[in-house]
K.L.:
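Take this structure, written in structure tokens, and hold onto it; I'll ask about it next.
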Amino acid sequence: MKPFLRSITILCCLALTLPAMGQMTLVVKRKPTATIVCQPGDSLARRAAGLLNKFVYRISGTRLPISAQVRGAGKGQTVRLLTDAKDLPAGGFRIDCTPQMLTIQSGSDRGVVYGVATLLEQYLGVNYWAAFTWSCPSLQTLALPAIHTVDHPAFGFRQTQSYGSQDADYIDWYRLNTHEEVFAGDLWVHTFNRLLPASRYGKAHPEWYSFLNGQRRPGDHSQWCLTNPEVFEAACRQIDSIFKANPQRTMMSVSQNDGNNTYCQCPQCRQVDSIEGSPSGNLIRFVNKLARRFPDKQFSTLAYLYSMQPPRHARPLPNVNIMLCDIDCKREVPLTDNDSGKDFVRAIEGWGRISDNIFVWDYGINFDNMVAPFPNFHILQPNLQLFRRNHARMVFEQVNGQLGTDFAELRAYMIGKLMWNPNADTDSLTQVFLKGYYGKAAPELYQYLKLQQGALLGSRVPLWIYDSPISHKNGMLNDACVKAYNQLFDRAEQLVANDTARLRRVQIARLPLQYSQLEIARTKTGLDADSIGQLLQTFQARADRYGVRLLNERNNQVDDYCALYRQRYMPRANTNKAAGATVAWSTPPAQRYRPIADKALTDGLYGGTTYVESWVGWEGEDADFTLDMGGEKTFSTISTDFLHQLGAWVLLPKSVTYYYSTDNKNYRLLGTHEFPEDRDNRVKFVKGTVTAPQPVSARYVRVVVKTIGLCPSWHYGVGYPAWFFLDEVEVE
């Protein structure tokens with residue numbers, strides 16, 4: 001037999017008679033009847049053999065022997081795993097099983113590994129549910145039926161952010177890629193500042209960076225001046241050196257920094273934008289020049305926020321990849337069905353008409369409240385089908401970055417299956433997973449998911465990736481719904497009470513509901529402190545027991561949240577002498593926050609980590625307002641609560657100053673609190689407090705907040721107005 005490239009040959013012993021129906025055996029009575037043969041140096045073959053042998057052992061208690069040589073070729077049953085097929089697409093495989101031979105074949109890629117995973121799952125009863133979590137039968141004999149199947153993925157590149165990716169077998173089982181295996185130097189998104197750091201070049205070459213609001217603004221999140229020929233040549237030098245340092249990679253992202261509307265608006269760039277009808281035109285013109293300079297390389301660039309819509313005239317070259325992001329879209333219905341989604345649909349259809357090299361970056365996570373319900377399962381399939389119809393070759397699903405995210409394991413399972421085959425039966429997938437992962441609790445959890453989905457759709461409240469549970473307190477998280485959800489979880493826990501592993505999984509799945517109850521409770525008055533305290537204790541204890549540490553992508557910790565909740569949100573007597581005070585505005589807040597502003601500042605309820613509830617905001621302007629406490633009162637301290645959330649362009653102001661008066665005409669200064677610059681990405685609540693040396697008496701309190709003006713050079717919103725948000729004003 002001639003040697004073949006990148007192959008495994010498994011030769012079955014003839015010590016037994018094959019069963020009927022075209023079966024062949026790998027193990028009989030816990031004894032191996034086949035030999036795995038791996039050619040030296042074939043890493044994919046050994047990877048496939050390792051996965052196969054691992055589960056053969058878990059099923060039968062024995063391993064198949066491995067040999068470096070083919071013995072007895074042509075004299076018995078042969079099982080071959082080959083990576084030499086020329087007719088199969090990337091990632092595809094073919095499985096053939098007859099009484100004489102089993103062949104799993106792919107091209108020179110991991111398709112052979114995916115074929116082994118398919119064999120194990122579909123013919124040997126193995127399931128891989130989550131990271132390091134699998135199930136398989138216990139069998140003395142491993143027999144295979146007649147098989148003939150060919151399969152390949154809908155998308156050539158498939159990646160998720162699921163925490164399961166820490167498990168190499170999980171990666172193989174769900175046929176997942178990582179960006180490190182494709183992009184040179186790990187340059188795969190938001191790369192402008194990595195290629196030409198403003199900290200290195202900005203001082204000497206400010207003209208390389210965005211012209212915004214009247215001046216050049218080099219910064220970590222500033223964009224390039226794409227019409228400047230010096231920028232192109234400087235970028236080429238960097239790109240050339242990176243490719244030379246990574247000779248095994250042929251793709252790189254040359255893409256805008258994170259942040260919206262920070263593209264260059266110098267006269268030359270504005271002229272191109274006007275001609276092209278979108279800032280994406282300047283990007284495509286620039287990246288096309290790179291594609292011509294390096295014709296043997298692939299260049300990926302973002303169509304993200306301001307650059308999402310395609311240009312009128314520029315056309316991406318074949319070696320230009322469009323990484324299209326749907327970050328601004330709501331998630332309660334498929335992208336085709338609401339206004340924000342339809343804007344994205346217009347974009348993907350437009351790009352699809354001018355390119356067949358599209359990479360979709362899709363979002364399925366609540367960045368600000370990851371441990372909160374996010375019932376988007378019903379939109380996963382139609383959205384992936386949309387991507388496929390419009391020439392997407394690559395998909396990244398940014399979901400489930402950590403343990404404790406809402407049904408993280410189910411979402412990762414569904415996405416893994418649908419990225420391979422967007423037409424799979426989603427209801428069947430859901431029920432198979434729930435039964436396998438949660439056992440007897442599956443019917444209750446299935447009912448919970450369906451009830452919550454119906455409540456979301458019935459409420460017509462948008463589901464957003466920067467959402468708050470409080471946004472849904474009159475919708476899918478209203479009191480009646482929450483009561484029904486808890487009854488389902490109570491029964492689910494009872495059904496698996498004697499199954500430690502599955503009880504753990506059910507209790508982790510319940511954490512988002514418990515967190516939502518806590519968040520909604522802090523927006524209400526007159527609640528029972530003991531019951532809220534018990535819920536908080538249960539939430540914290542379970543999160544700690546199961547290793548759920550983070551609440552959001554800003555690195556806020558569960559333990560810190562619980563400690564702050566006890567201090568900030570637990571029901572208690574209101575000692576604020578300005579409670580219920582009327583407000584007179586000299587400089588009112590932004591229009592969208594005015595409906596709640598008159599009450600929110602003195603209602604005794606404190607805002608949370610998301611600015612969409614309770615907080616009152618100003619954009620690029622000072623705040624100036626007066627509180628009328630209804631009568632003269634004695635006090636020494638005034639304090640205002642401010643939100644710090646850099647990712648949402650919410651920064652601390654420059655200062656807050658307090659004045660007091662008895663007649664609303666003559667005011668005296670109480671004092672000023674200055675805020676230091678804070679670059680910490682965590683969400684914080686920061687007090688601006690002033691205490692007088694001696695108590696004073698007054699009826700009126702004037703609050704003046706000075707903005708920092710524009711976002712600084714290190715921030716996502718460089719050159720644009722910064723927001724500040726405040727909530728309670730306390731007079732004590």
Side-chain angles (χ1 to χ4, degrees), residues 1 3-4 6-19 22-83 93 95-106 110-145 147 166-175 436:
M1 181 177 182
F4 50 86
R6 305 174 72 88
S7 64
I8 308 170
T9 303
I10 305 176
L11 300 177
C12 297
C13 302
L14 292 176
L16 54 104
T17 301
L18 282 175
Q23 289 180 330
M24 62 181 304
T25 59
L26 301 177
V27 176
V28 173
K29 295 183 179 179
R30 304 196 184 278
K31 300 294 183 182
T33 57
T35 299
I36 300 177
V37 178
C38 294
Q39 289 211 338
D42 191 339
S43 59
L44 287 174
R46 292 192 173 275
R47 185 167 174 170
L51 184 64
L52 177 61
N53 228 2
K54 187 176 294 185
F55 280 99
V56 166
Y57 176 76
R58 289 169 175 171
I59 296 170
S60 67
T62 189
R63 292 181 175 88
L64 306 182
I66 299 177
S67 173
Q69 295 181 351
V70 178
R71 294 175 294 180
K75 295 182 179 180
Q77 299 170 87
T78 303
V79 182
R80 301 186 304 165
L81 281 74
L82 311 174
T83 57
F93 59 85
I95 305 177
D96 284 292
C97 184
T98 68
Q100 290 75 36
M101 182 177 295
L102 170 69
T103 301
I104 301 179
Q105 187 177 26
S106 75
R110 286 189 303 193
V112 66
V113 183
Y114 306 154
V116 167
T118 298
L119 182 79
L120 290 167
E121 183 173 28
Q122 295 187 10
Y123 299 99
L124 293 175
V126 181
N127 282 288
Y128 220 107
W129 305 116
F132 307 105
T133 306
W134 43 266
S135 63
C136 63
S138 177
L139 301 172
Q140 293 190 16
T141 296
L142 274 63
L144 297 173
I147 305 168
Q166 62 193 276
D167 177 1
D169 288 342
Y170 182 94
I171 290 276
D172 285 342
W173 200 269
Y174 288 96
R175 293 100 158 141

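Being a predicted model, the structure only gives us computed values, none of them experimental. Residue numbers count from 1 along this sequence.
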K.L.:
Nearest 0.5 Å, please: how far is CG in L119 from CG in L52?
P.N.:
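If we round to the nearest 0.5 Å, L52:CG and L119:CG are 7.0 Å apart.
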
K.L.:
What pair of heavy atoms forms the shortest contact from A131 to Y170, and how long is it?
P.N.:
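It is N-CD1, 3.8 Å.
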
K.L.:
For T62 and P32, which heavy atoms make the closest approach, and how far apart are they?
P.N.:
OG1-CD, 3.4 Å

K.L.:
Okay, side chain of S106, backbone of F93: is any donor-acceptor separation there less than 3.5 Å?
P.N.:
no

K.L.:
Which atoms form the tightest heavy-atom contact between G115 and I104, and what is the distance?
P.N.:
CA-CG2, 3.8 Å

K.L.:
Which atom names give the shortest non-hydrogen contact between D167 and A130, and what distance separates them?
P.N.:
OD2-O, 4.5 Å

K.L.:
Please step through side-chain contact (heavy atoms from CB on, under 4.5 Å) for the pair T103 and T98, ending with a clear verdict.
P.N.:
CA-CA 9 Å; T103 301; T98 68; over 6 Å; no

K.L.:
Give me each pair satisfying ring-ring contact (aromatic ring centres under 6.0 Å, His included) with a member in residues 34-62, each pair once, sequence neighbours excluded.
P.N.:
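Qualifying pairs: F55-W134, F55-W173.
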
K.L.:
Tell me whether N53 contacts the main-chain N or O of L64 through its side chain, where contact means a donor paired with an acceptor under 3.5 Å.
P.N.:
yes

K.L.:
Treating Y128 as the side-chain partner and D172 as the backbone partner, does any N or O pair qualify as donor plus acceptor under 3.5 Å?
P.N.:
no

K.L.:
Check whether any side-chain heavy atom of L102 lies under 4.5 Å from a side-chain heavy atom of I95, and answer yes or no.
P.N.:
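Touching, per the 4.5 Å side-chain cut-off.
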
K.L.:
Using modelled atom types and a 3.5 Å cut-off, is there a donor and acceptor pairing between side-chain atoms of T118 and backbone atoms of V116?
P.N.:
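Judged by distance alone, no pair lies under 3.5 Å.
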
K.L.:
When you measure from the side chain of T33 to the backbone of L26, do you find a donor-acceptor pair of N or O atoms at a distance under 3.5 Å?
P.N.:
yes

K.L.:
Roughly how far apart are Q122 CD and L144 CG, rounded to 0.5 Å?
P.N.:
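One gets 12.0 Å once the value is rounded to the nearest 0.5 Å.
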
K.L.:
Are side-chain heavy atoms of R110 and L44 found at a separation under 4.5 Å?
P.N.:
yes

K.L.:
Let's go through L81 and I36 carefully: what are the C-alpha distance in whole Å and the side-chain angles of both, what is the deciding distance for side-chain contact (heavy atoms from CB on, under 4.5 Å) to 0.1 Å, and is it a yes or a no?
P.N.:
CA-CA 9 Å; L81 281 74; I36 300 177; over 6 Å; no

K.L.:
To check you understand the geometry: which heavy-atom pair defines the closest contact between A34 and P65, and what is its length?
P.N.:
O-CD, 3.3 Å

K.L.:
For the residue pair M101 and R80, what are the closest heavy atoms and their distance?
P.N.:
SD-NE, 3.6 Å

K.L.:
So do the side chains of I59 and V27 get within less than 4.5 Å of each other, counting heavy atoms only?
P.N.:
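In short, these two side chains do not touch, never coming nearer than 4.5 Å.
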
K.L.:
Please tell me if the side chains of N127 and E121 come closer than 4.5 Å, counting only heavy atoms from C-beta onward.
P.N.:
yes

K.L.:
Under 3.5 Å, is there a donor-acceptor pair between the side chain of R30 and the main chain of Q140?
P.N.:
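No.
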
K.L.:
OG1 of T83 to CG of D42: how many Å apart, nearest 0.5 Å?
P.N.:
5.0 Å

